[in-house]
Number of protein chains: 2
Amino acid sequence: MILSRASQYAIQAVILMAMQPQGTFVLNRDLAEQLNVPAPYLAKVLQALVRGNLLYSSRGRNGGFCLREGVEKVDLMQILLHLEGPQFTDACLLGLKECTDETACPIHKQWKPIKHKLARVLRTETPGKLARAVKTGKYRLADLPMSML
Amino acid sequence: MILSRASQYAIQAVILMAMQPQGTFVLNRDLAEQLNVPAPYLAKVLQALVRGNLLYSSRGRNGGFCLREGVEKVDLMQILLHLEGPQFTDACLLGLKECTDETACPIHKQWKPIKHKLARVLRTETPGKLARAVKTGKYRLADLPMSML
DNA sequence: TTTAAAGAGGAGTTACATATCTACAAGTAG
DNA sequence: CTACTTGTAGATATGTAACTCCTCTTTAAA
């Protein structure tokens with residue numbers, strides 16, 4: 001039902017970067033401010049994506065982060081696999097360590113297709129698509145400021 | 001993607017109790033052993049269900065816990081609402097606090113039907129149904145012992 | 001060359017879910 | 001009544017995700 005905060009921040013950040021003209025370096029500070037998330041923590045998440053070869057980073061003045069070529073077309077699942085375990089879509093709803101078609105918990109049969117639908121969405125959506133969705137103005141990336149709630 | 005451990009233990013426990021003849025009191029100790037979960041922690045979870053009027057408890061010899069009348073026909077959602085917040089099915093995949101049809105994150109449209117399918121399963125399944133499923137022998141409640149993996 | 005601005009990396013802190021411990025209250029059986 | 005067995009309640013401990021801080025290196029502008 002939930003992705004880790006790190007994953008959520010990562011997806012938000014790559015969408016925001018995909019909204020920039022290709023090759024634009026964006027500061028961690030600016031990403032954090034626009035997404036309204038803690039900057040030092042976001043930095044760690046971005047560093048993990050750099051190590052996963054999803055982002056370029058550049059130090060010093062005019063530094064920052066930007067998507068590697070083609071990453072705007074990479075599906076979200078590829079990005080999440082760098083942050084969650086390799087089999088985070090395998091989780092059993094009841095928490096059993098071993099829950100497969102052969103040895104299944106009593107709700108496995110109903111849970112499995114739902115898991116698969118989510119996995120399908122994550123394999124379908126990309127930073128580029130979602131960036132375009134945000135640009136239409138119908139969707140938004142960050143929480144609204146308190147004044148608007 | 002995940003229920004809290006407390007919720008997972010709760011569901012497992014009510015299924016196990018639903019497998020007993022109606023009105024049978026079961027010891028916390030025996031539930032914990034059969035489910036292979038920590039007994040003191042399970043006790044806390046069961047106490048919460050007692051406070052939620054889902055279980056009877058009885059102290060002293062021949063004591064234990066048993067389902068209140070009709071609880072074997074109560075859907076899992078009702079049970080979970082006592083342990084997770086009232087709106088745990090509302091969660092935004094990206095973690096936004098406010099994510100509704102009107103102010104939506106870019107993946108809201110794809111995530112919403114999946115959330116609803118899970119909610120539907122949780123409102124359809126009951127301890128009684130799942131207990132019968134386990135009794136067929138095709139499904140199991142607890143993790144297999146190490147010797148079987 | 002100096003200086004400021006950025007990311008990198010590691011250690012430390014906090015908050016919360018999970019798990020445990022201890023003392024107690026309530027019930028049962030003899 | 002006494003002894004034993006069970007759940008109850010509150011305090012405490014542990015583990016982990018989330019978050020912060022400090023120092024270092026790299027880069028580029030002045």
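Letters A, B, ... mirror the listed sequences (proteins, then strands); counts begin at 1. Bear in mind the structure is a predicted one, so any value in this text is a computation, not a measurement.
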Q: May I ask you to evaluate whether Arg59(B) reaches the phosphate of dT8(D), defined as a side-chain N or O under 4.0 Å from OP1 or OP2?
A: no
Q: Kindly point out which of dA6(C), dC21(D), dT8(D) is positioned nearest to the side chain of Ser57(B)?
A: dT8(D)
Q: Any donor-acceptor pair under 3.5 Å joining the side chain of Lys44(B) to the base of dA9(D)?
A: yes
Q: Quick one: is dA30(D) close enough that its OP1 or OP2 comes under 4.0 Å of any side-chain N or O from Arg61(A)?
A: no
Q: Under the side-chain contact (heavy atoms from CB on, under 4.5 Å) test against Val14(B), which residue among Leu130(B), Val74(B), Leu67(B) passes?
A: Leu67(B)
Q: Is the phosphate of dA5(C), meaning OP1 or OP2, less than 4.0 Å from a side-chain N or O of Asn62(A)?
A: no
Q: Show, in sequence, the C-alpha distance, side-chain angles and deciding distance for Phe25(B) and Asn62(B), and conclude whether the side-chain contact (heavy atoms from CB on, under 4.5 Å) test is met.
A: CA-CA 7 Å; Phe25(B) 277 83; Asn62(B) 308 327; over 6 Å; no
Q: Nearest whole Å is fine: how far is dA25(C) P from Gln47(B) CD?
A: 15 Å
Q: Rounded to whole Å, how long is the line connecting atom OH of Tyr56(A) with atom C1' of dT27(D)?
A: 18 Å
Q: Check whether any side-chain N or O of Asn36(A) sits under 3.5 Å from a backbone N or O of Ala142(A) as a donor-acceptor pair, and report yes or no.
A: no
Q: Contact class for Pro38(A) vs. all strands (heavy atom < 4.0 Å): base, sugar-phosphate, or nothing?
A: sugar-phosphate
Q: Counting only heavy atoms not in Gln20(A) (residues, nucleotides, ligands), do more than 12 fall under 6.0 Å from its CD?
A: yes
Q: Expressed as a whole number of angstroms, how long is the span from Leu3(B):CG to dA17(C):C1'?
A: 14 Å
Q: dA17(D) C1' sits how many Å from Ile2(A) CD1, rounded?
A: 13 Å
Q: What is the nucleic acid contact for Tyr9(A), judged by heavy atoms within less than 4.0 Å: base, sugar-phosphate only, or nothing?
A: sugar-phosphate
Q: Give the rounded distance in Å between these two atoms: OH of Tyr41(A) and C1' of dC21(D).
A: 16 Å
Q: Would you indicate what Leu27(A) reaches in the nucleic acid, counting non-hydrogen atoms under 4.0 angstrom: base, sugar-phosphate, or nothing?
A: sugar-phosphate
Q: Taking the nucleotide of DNA chain C with the closest heavy atom to each, which residue, Arg51(A) or Gly63(A), is nearer the 5' end?
A: Gly63(A)
Q: Just how far, in rounded Å, is C1' of dA8(C) from CG of Leu55(A)?
A: 14 Å
Q: Distance check needed: dA9(D) C1' versus Asn28(B) CG, whole Å only.
A: 14 Å
Q: Once you round it to whole Å, what is the distance between P of dG27(C) and CZ of Phe65(B)?
A: 14 Å
Q: Go through it in stages, so that I can follow the logic: the residues are Val121(A) and Lys117(A), the test is side-chain contact (heavy atoms from CB on, under 4.5 Å), and I'd like the CA-CA distance, side-chain angles, deciding distance and then a yes or no.
A: CA-CA 6 Å; Val121(A) 167; Lys117(A) 281 195 173 60; 5.9 Å; no
